[in-house]
Amino acid sequence: MSAAVLDGIHTQHGGSVGSEIAAQELADLVRAVVRGTPTPASLAGLHAASAQTRSVAVAEGLADALADLPADRVRRVGRWLAQHGTRRDSVAIGLVLLGLTGDARDRELLLLLGALESLTLYAAEALSRTQPDPERAVFELARRVEGWGRIHAVERLRECTDPEVKAWLLRGGYRNAVMDEYLAHLAATTGDLAGALDAETVDEALLLGAGGILRALCEGGPAADMRHYPDGPVAVASYLCHADRQPADLRLVAAVGVLRRFASSAKAVSCWTAAERARLQAMAEQLCDRPDWRQLVQDALDDEDLEVVKRGLWQAALVGVPFTDQVTRQLRRAPYDFDLWYALVDYTEDIDPALRLADELLPLAELVTGPTLAVGSCGQGPEGILDLVVSRLDAHPGKGWPLIAVALSNRTIRNREMALLALKAWPAALITAEMRHALLAAAGREPDRGMRGRMRIMQDRWLSAR
């Protein structure tokens, strides 16, 4: 994983990753440069040392260790590292030093370097510490990035009171290339979603942005969600009222469908009263049953353009418009389209259509390649589609043996692993002599030691159950 991803994971999920020893060692080098006369050799030594340091691990420790040094001299060292560094962590350490001692003169440099996703965390923190208008500075940076950088920057806008920033958060500022769930709660609370939706009318951007926020809060995940949003029932009710006044739109169908599903789920029990659940579910169901909404979904499914069909599949599943026939028709044209297969196995509880199509469309004989140490991945192509379908068979014990048998003899470890997981769910009474023989043969030719061991364990389990 990239440094930006690792920093994101640690800051969001990993707790403290600080290293006091590494911070002190780096601080000693900075101290030597600041208190002496900087030379090419001393600067090169600092650059090399910082390049070998996890910047996220020493950022906090440097603040205490360098507090007694002249701020302007530390700033000059930080700017040198930021401007001339040729390694990511060296530049990041430079940004950390600017965050400790910088000022308004560093704004453009911080915005420039912060536009690189791997440095946004450090630039955003430096902007928030050093600028006379920290919220506006971080806001400007947040609009330049899309991934983990967007998350890091927007996190520093929490409880912002600037009306422009609040409006931006609600209209899409929470969206990012990682997971919208990271920022949805922040946008809803800081942006005052419930208050914004309380207006008599709302603009299209707010309505679409609110739908995305509420969807993410319902999905939950890595950050605060609907359970942590006391204004949720009020915001949802207002959103549904506004949506009811709009013409049919697939984006609205998706948001309302998710809200309906959430209102009837166990998750809603933990955060909404019974009366709130009943009222909001009824409102959402009425919208999902609107003839123009359902016709819009049906028109998307019947379209000749494959991309239009795919855009309507999730909505069809949410509002209960059948789509198996349309997906089947499209798969006969594009037999290895992952999105179509995904909808077929994940948007419906009936696995049989997918099994029939896999038997018809996949070149199963060609997939019996014999095992290798290739890991493989669930994706496009017949091998990836086999992986996808077989990976869902553990939820359907007793079904799909022909596909499982092929996966057991496929070249990728992933396919063989999915086959084992599927067989693990089968009741002992359904295991046949053919299956026992196939697993014995697969274990005998398996080149991966771990996989071979798991095959042996399953053989023993089958034998003990006879």
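Side chains included, hydrogens not; waters and symmetry mates left out as well; all remaining heavy atoms used. Predicted model, so just to flag it, every value in this text is computed and none were measured.
Checked options Ser50, Ser55, Ser118; the residue passing with Asp89 is Ser55 (criterion: side-chain hydrogen bond (donor to acceptor under 3.5 Å, both in side chains)). Partner Asp387 forms a salt bridge (charged side-chain N to carboxylate O under 4.0 Å, His left out) with one of Arg411, Arg392, Arg414 and no other, that one being Arg414.
Scanning for ring-ring contact (aromatic ring centres under 6.0 Å, His included) contacts around Phe139 gives Trp168, with sequence neighbours left out. Residues passing the ring-ring contact (aromatic ring centres under 6.0 Å, His included) test with His228, sequence neighbours excluded: none. Every ring-ring contact (aromatic ring centres under 6.0 Å, His included) that Tyr347 has, sequence neighbours left out, goes to Trp314, Tyr342. With sequence neighbours excluded, no residue satisfies ring-ring contact (aromatic ring centres under 6.0 Å, His included) with Trp462. Take Arg143 and apply the salt bridge (Lys or Arg N to Asp or Glu O under 4.0 Å) test, not counting sequence neighbours, and it matches no residue.
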*Met455 vs Met451, side chain to side chain contact (heavy atoms under 4.5 Å, CB included): CA-CA, chis, key distance, verdict*: CA-CA 6 Å; Met455 288 178 174; Met451 178 68 66; 3.9 Å; yes

_Test log, rule side-chain hydrogen bond (donor to acceptor under 3.5 Å, both in side chains), inputs Ser409 and Arg445_ = CA-CA 9 Å; Ser409 299; Arg445 59 177 179 263; 2.6 Å; yes

_Quick one, Met179 with Glu219, criterion side chain to side chain contact (heavy atoms under 4.5 Å, CB included). Give me CA distance, side-chain angles, the key distance, then yes/no._
CA-CA 11 Å; Met179 288 182 72; Glu219 297 293 347; over 6 Å; no

*Verify side-chain hydrogen bond (donor to acceptor under 3.5 Å, both in side chains) between Gln281 and Glu285, making sure each step is shown before the conclusion.*
CA-CA 6 Å; Gln281 184 175 359; Glu285 286 180 349; 3.1 Å; yes

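A centroid separation of 6.0 Å or more is found between the aromatic rings of Tyr336 and Trp341.
With respect to the salt-bridge test (charged N to carboxylate O, under 4.0 angstrom), the residues Arg171 and Glu204 do not qualify. Between Asp337 and Lys310, at least one side-chain N (NZ, or NE/NH1/NH2) sits under 4.0 Å from a carboxylate O, which counts as a salt bridge. Using a cutoff of 4.0 Å between basic side-chain nitrogens and carboxylate oxygens, Lys166 and Asp192 are not scored as salt-bridged. Between Asp244 and Arg290, at least one side-chain N (NZ, or NE/NH1/NH2) sits under 4.0 Å from a carboxylate O, which counts as a salt bridge. Using a 4.0 Å cut-off between a side-chain N of Lys or Arg and a carboxylate O of Asp or Glu, Lys267 and Asp225 do not qualify as a salt bridge.
With 3.5 Å as the limit, one finds no donor-acceptor pair spanning the side chains of Asp350 and Thr348. Side-chain contact of Thr328 with Asp325: a donor-acceptor pair under 3.5 Å is absent, judged by distance alone. Between Trp401 and Glu434, the side chains place a donor N or O and an acceptor N or O closer than 3.5 Å (distance only, hydrogens not considered). A side-chain N or O of Glu383 and one of Asn410 form a donor-acceptor pair less than 3.5 Å apart.
Within the structure, the side-chain hydrogen bond (donor to acceptor under 3.5 Å, both in side chains) test picks out the following pairs touching residues 357-373 (sequence neighbours left out): Arg332-Glu360.
Atom CD of Gln295 has more than 12 heavy atoms from other residues, nucleotides or ligands within 6.0 Å. Environment of CZ in Arg279: sparse, with no more than 12 heavy atoms of neighbouring residues, nucleotides or ligands closer than 6.0 Å.
Taking CD of Glu446 as the start and CG of Leu408 as the end, the distance is 9.5 Å to the nearest 0.5 Å.
Using modelled atom types, no side-chain atom of Thr412 and backbone atom of Ala374 make a donor-acceptor pair closer than 3.5 Å.
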